[in-house]
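Contents: one structure, followed by commentary.
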Amino acid sequence: MNDHKYIIDLHDINKSYPGVVPLHVLKDVSLGIEKGELVSIMGASGSGKSTLLNILGILDNYDSGEYHLDGVLIKNLSENRAADLRNYMIGFVFQSFNLIGYKNALDNVALPLFYRGISRKKRNALAMEQLERMGMADRATHLPSELSGGQKQRVAIARALITNPSILLADEPTGALDSHTSREVMQVFRDLNAEGRTIVIVTHDPAVGEQTNRIIRISDGRIVE
Amino acid sequence: MIDLFNEILATLRFNKLRTALTGFAVSWGIFLLIVLLAVSNGLVNGVTGMFSQRDKEVMSITGGWAQKPYKGLKDERSITLKESDTELLESRNGNIVAYAVPELSNDSVVISTQKDYLTGGYKGVYPQSQRSDGTTMEEGRYINDNDIEQGRRVIVLHRENANTLFGVGEPAVGKFVRVGDLSFTVVGIYFHEWMRSSIIPYTTAKALAGGSENIRRMQVKAKGLSTVEDANEAENEFRSTLGNVHSFDPTDDSALWIWNRFRDFATTNTALSTLTLAVWIIGLLTLLSGIVGVSNIMFVSVRERTHEIGVRRAIGARPVAILRQIILESVAITTLFGYVGIVLGVIVTQLIAHFTLSPGPQGHPPIFKDPSVDLSIALQVTVVLVITGCLAGLFPALKSLKIKPVEALRDE
């Protein structure tokens with residue numbers, strides 16, 4: 001087991017995509033993020049930032065190195081194990097919200113618990129609790145198409161939090177929002193961080209990066225500072 | 001389970017039109033399958049119903065013309081069966097003969113009342129002939145053992161003939177008819193699909209024929225027949241036994257005319273099961289086009305929902321959960337619309353039964369009977385629906401497994 005100080009602990013991660021000319025996307029990336037940090041990962045497009053996010057979120061494999069998430073080695077996992085770890089340890093917030101269009105806000109928030117096999121009654125109660133925390137209780141029965149961008153992102157954050165994950169991973173969470181709503185959503189992240197949540201935000205927007213406690217810059221597949 | 005069902009309902013509601021269009025193909029396939037099965041069932045019921053009121057292992061043996069020279073005898077000899085031949089068969093071939101009874105007939109005698117007359121003559125029988133002929137008694141009784149013993153002058157008439165002689169709706173049992181110059185008491189009225197003979201006791205007929213031992217034919221009930229081969233074997237043994245007595249070549253098929261109901265029964269059974277098989281094949285092939293439609297719609301659905309499936313995977317759905325959902329959706333579409341087809345099929349079947357197959361006043365042969373869909377067919381069709389639904393969903397579901405959770409991060 002690695003250093004317990006870090007909730008996210010990357011050690012010499014390499015990742016390349018096969019092809020006629022293999023593309024070496026991540027080069028010996030080592031990174032430690034402590035519990036309770038609010039971190040942003042910034043980089044230009046093509047810098048390897050998305051690949052890093054995929055690996056952090058257990059959405060993709062890496063070639064060499066070691067990644068420990070909350071003390072668990074994330075390597076060569078079966079599809080089922082990866083799905084379970086994502087369900088239990090990671091809360092995702094996406095740029096385009098990724099709410100399911102034909103489910104209302106409550107059902108969307110409750111969905112991760114559905115895949116845990118939790119009863120409908122219990123998951124709806126938990127989902128309602130999360131919506132209340134996001135100030136969205138009165139929109140519980142609305143479909144995503146009936147919500148504004150900021151409201152959708154709040155629902156998405158509620159969905160990410162319902163499993164009480166180890167980390168919150170946000171991919172350009174304000175990318176689809178206007179500047180006013182962006183600030184509101186960032187305030188939500190800061191409040192959650194104040195409650196002790198570990199949050200990693202991947203962004204190319206300096207204004208978002210500024211509002212986090214630490215900025216990790218990635219360029220050409222390497223961490224630059 | 002309820003949750004899974006809700007998930008499925010939600011996705012189906014989301015794709016209403018497409019679901020309905022594909023569903024129609026499935027409904028149509030099942031509808032045809034049900035109607036075809038019901039009609040063939042009606043046919044099967046009708047035919048087996050006809051067999052059920054008859055002894056199946058009956059052979060009727062009539063003397064014919066020997067065509068082959070035998071032991072110095074020339075060809076073209078008439079073979080006439082004797083009453084004693086029945087006892088001979090019972091004793092020599094006791095292992096395969098349950099009983100053998102003689103029948104006599106006189107085709108020229110006129111049967112009359114004051115109202116009308118019949119020219120068909122009469123047939124003299126033993127009580128056993130009722131089961132071998134397959135007559136059903138509508139009123140009164142058939143010839144019984146006392147009639148045989150005492151040579152009573154009693155007669156059993158076909159319903160139509162009774163109507164001719166006494167008028168429709170007029171009581172006939174207990175009345176008298178004249179058979180030639182003699183007076184007979186009507187003791188029963190029977191129904192039969194095509195046989196119209198007027199039936200009297202064998203012993204009475206024999207006395208009327210001057211006590212001759214010659215008989216028209218005999219009804220032999222065999223036992224222990226289970227295959228067509230058994231039946232043919234029994235026929236050969238009868239030919240051999242009777243050939244010995246009447247001096248004809250046992251291989252001379254024309255010497256005896258043997259009508260073998262068991263062979264008919266077995267052949268008909270084979271034909272009916274072939275019919276049922278053919279109906280299933282036709283129905284299933286029709287259903288196939290519906291199934292391909294469902295498979296197609298599921299493929300489209302999986303492709304359209306690539307992003308959604310990616311999101312589900314990203315938030316922790318195991319691959320098998322996605323697989324199960326796709327397959328169950330497919331089963332849901334198939335069974336839902338399948339049942340629409342079943343209901344329509346049953347309605348149409350009932351209409352067919354009601355309008356075209358209602359029995360006529362003097363019933364035709366009930367070749368169609370109860371053309372209905374019984375519970376076992378409903379169950380079989382349900383099994384078919386679930387299996388085909390699974391098959392239709394299988395390939396789209398396998399395709400959905402290839403969707404990686406990374407899809408969730410791709411922008412639409």
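In this structure, A/His142 places its NE2 atom where more than 12 heavy-atom neighbours from other residues, nucleotides or ligands lie under 6.0 Å away. Heavy atoms from other residues, nucleotides or ligands lying under 6.0 Å from NZ of A/Lys122 number 12 at most. Counting non-hydrogen atoms of other residues, nucleotides and ligands closer than 6.0 Å to CZ of A/Arg116 gives a total above 12. Around the CZ atom of B/Phe299, the shell of radius 6.0 Å holds more than 12 heavy atoms that belong to other residues, nucleotides or ligands.
Counting only distance, with no hydrogens or angles, the side chain of A/Arg86 and the backbone of B/Arg313 share a donor-acceptor pair below 3.5 Å.
In terms of heavy-atom proximity, A/Asn80 sits nearest to B/Pro319 at OD1-CD, 3.2 Å. For the pair B/Ala314 and A/Phe92, the tightest heavy-atom approach, listed with the atom from each and the gap, is O-CE1, 3.3 Å. Taking each heavy atom of A/Ala83 and B/Ala317 in turn, the nearest pair found is CB-O, 3.6 Å.
Considering only heavy atoms from C-beta on, B/Ile322 comes within 4.5 Å of A/Tyr115 through its side chain. For the pair B/His307/A/Ile100, no side-chain contact is recorded, criterion being any heavy-atom separation below 4.5 Å from C-beta on.
Contacts between residues 398-406 of chain B and chain A, defined by a heavy-atom separation under 4.5 Å, are made by B/Lys404, B/Pro405, B/Val406.
Using a 4.5 Å cut-off between heavy atoms, A/Arg81 does not touch chain B at all. For a residue to count as touching a neighbouring chain, one of its non-hydrogen atoms must lie under 4.5 Å from one of that chain's; by this rule B/Ile309 does not touch chain A.
Distance check, rounded to the nearest 0.5 Å: CD1 of B/Ile315 to CD1 of A/Ile90 gives 12.5 Å.
In terms of non-hydrogen atom pairs under 4.5 Å with chain B, the most contact-rich of A/Asp84, A/Asp60, A/Asp171 is A/Asp84.
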Can you give the donor-acceptor pairs under 3.5 Å from side chains of residues 269-277 of chain B to other protein atoms, not counting sequence neighbours?
| from | atom 1 | to | atom 2 | distance (Å) |
| --- | --- | --- | --- | --- |
| B/Thr270 | OG1 | B/Ala266 | O | 2.7 |
| B/Ser273 | OG | B/Asn269 | O | 2.9 |
| B/Ser273 | OG | B/Thr270 | O | 3.1 |
| B/Thr274 | OG1 | B/Thr270 | O | 2.6 |
| B/Thr276 | OG1 | B/Leu272 | O | 2.9 |

task = Starting from the C-alpha separation in whole Å, work towards a yes-or-no answer on side chain to side chain contact (heavy atoms under 4.5 Å, CB included) for B/Glu308 and A/Leu99.
result = CA-CA 8 Å; B/Glu308 178 200 318; A/Leu99 299 175; over 6 Å; no
